[in-house]
Number of protein chains: 2
Amino acid sequence: MLSKKTKYGLKALTFLAKVEGKEPVQIAEIAKHENISQKFLESILLTLRRNGFLGSKKGKGGGYYLIKEPKDIPMTTVMRVLEGPIAMVPCVSLNFYEKCDDCPDEGECSVHKLMLQVRDSALEVYRNNTLADLL
Amino acid sequence: MLSKKTKYGLKALTFLAKVEGKEPVQIAEIAKHENISQKFLESILLTLRRNGFLGSKKGKGGGYYLIKEPKDIPMTTVMRVLEGPIAMVPCVSLNFYEKCDDCPDEGECSVHKLMLQVRDSALEVYRNNTLADLL
DNA sequence: TTATTACCCTATCATTTTAGTAGGGAATAC
DNA sequence: GTATTCCCTACTAAAATGATAGGGTAATAA
């Protein structure tokens, strides 16, 4: 299940991408427009900024803004920052690999075999979509 | 993230599919072989039986057994029973559809657009795999 | 300089989900 | 009848999730 954090984060990015020009947009405005708890959104935007997706400006007329072109923001990186691993089990994760406690042999594991395919198919989708494709 | 319930369920099904003949296999044996808490596995096998994947026999020499050929058990049905919806958001789910509280217009929603693709790609994998393909 | 705006950051909390445990009941084989 | 093995309900500990509270700090406008 997709977390609200990711869902809200994606919506916020989309909203910012649609804004004319590059003027900062206030948290409150995004929250209101997308029906999101303002405080919750605040923490999400913060992690997006810390991870290089957004810039921010304080004081009057401040807010958040994209620091890259939407077409240069692939969904793989967005998903990994907001949702975490794209794989459904750590033993098939490219960026968050971990061995299973049970499971003596990954090569023999049916779950491993299936989840590898699921990971690859999801990756293909995320790689083929940038923020620009969602507008 | 894939739940342990689904993971263990898949492993148990695989184990049963590998058994020579169709003699019942005891919970304890599966649990031991796959390093699963026996009581937890018990509840998983129970739901698999209730959903038409397994048969069971009580008393000495009893246990669980597959009641279909592995090639006739598609991963779509296994995943839906064990893990729930294949879609990551209810608004793109075929079998568990639900409208989002926020989101006035699904057609305009960027999350919807992306998650539709993810659902379809996952579905394709699950449809192309039966239990027999995991052996 | 001073007030205001708006982001920054930590801590806390209620709820839900997950993973696992406990314990007795019912059917079957011998 | 007794041992075995599945059946079923209820409970619980821990973690994750979604959200809230509340003050701090930097930038800006006047």
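Throughout, a chain's letter reflects where its sequence line sits, starting with A, and its residues are numbered from 1.
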Cluster overlap V111(B) with L123(B), hydrophobic side-chain contacts below 4.5 Å: no

Start and end of chain A contact along DNA chain C [non-hydrogen atoms, under 4.0 Å]: dT5(C) to dC9(C)

Over 12 non-hydrogen atoms of neighbours within 6.0 angstrom of CD in E98(A): no

Neighbours of DNA chain C within residues 1-11 of chain B, by heavy-atom distance under 4.0 Å: S3(B), K4(B), K5(B), Y8(B)

Which residues share a side-chain contact (heavy atoms from CB on, under 4.5 Å) with N51(B), sequence neighbours left out: T47(B), F53(B), V81(B)

Interatomic distance, K60(A) NZ vs dA29(D) C1' [rounded to whole Å]: 7 Å

Interatomic distance, Y64(B) OH vs dT5(D) C1' [rounded to whole Å]: 10 Å

Listed pairs, N/O of protein and of nucleotides 8-11 of chain D, under 3.5 Å:
from, atom 1, to, atom 2, distance (Å)
dC8(D), OP2, R49(B), NH2, 3.2
dC8(D), OP2, R50(B), NH2, 3.4
dC8(D), N4, E42(B), OE2, 3.4

Mutual orientation of the aromatic rings belonging to H33(A) and F15(A) [parallel < 30°, tilted 30-60°, perpendicular > 60°]: tilted

Members besides I67(A) in its Ile/Leu/Val/Met/Phe/Trp/Tyr cluster (side-chain heavy atoms under 4.5 Å): Y65(A)

Protein-nucleotide distance (K57(B), atom NZ; dT5(D), atom P), rounded to Å: 12 Å

Path from L94(A) to M75(A) over hydrophobic side-chain contacts below 4.5 Å: yes

Within one Ile-Leu-Val-Met-Phe-Trp-Tyr cluster: M115(A) and Y126(A), side-chain cutoff 4.5 Å: no

First of G62(B) and F40(A) reached from the 5' end of DNA chain D, by closest nucleotide: G62(B)

E124(A) atom CD: more than 12 heavy-atom contacts under 6.0 Å: no

Check ion pair D133(A)-K71(A) (N to O, under 4.0 angstrom): no

Residues within residues 87-99 of chain B bordering DNA chain C, heavy-atom distance below 4.0 Å: none

Integer-rounded Å distance: dC6(D) C1' and L45(B) CG: 10 Å

SB check K57(A) E23(A) (cutoff 4.0 Å): no

Check: D102(B) and K11(A) side chains under 4.5 Å, non-hydrogen atoms: yes

Interatomic distance, K4(B) atom NZ to C100(A) atom SG [nearest 0.5 angstrom]: 7.5 Å

From C109(B) atom SG to E34(A) atom CD, the distance as rounded to the nearest 0.5 Å: 8.0 Å

Phosphate OP1/OP2 of dG18(D) contacted by S37(A) side-chain N/O (<4.0 Å): no

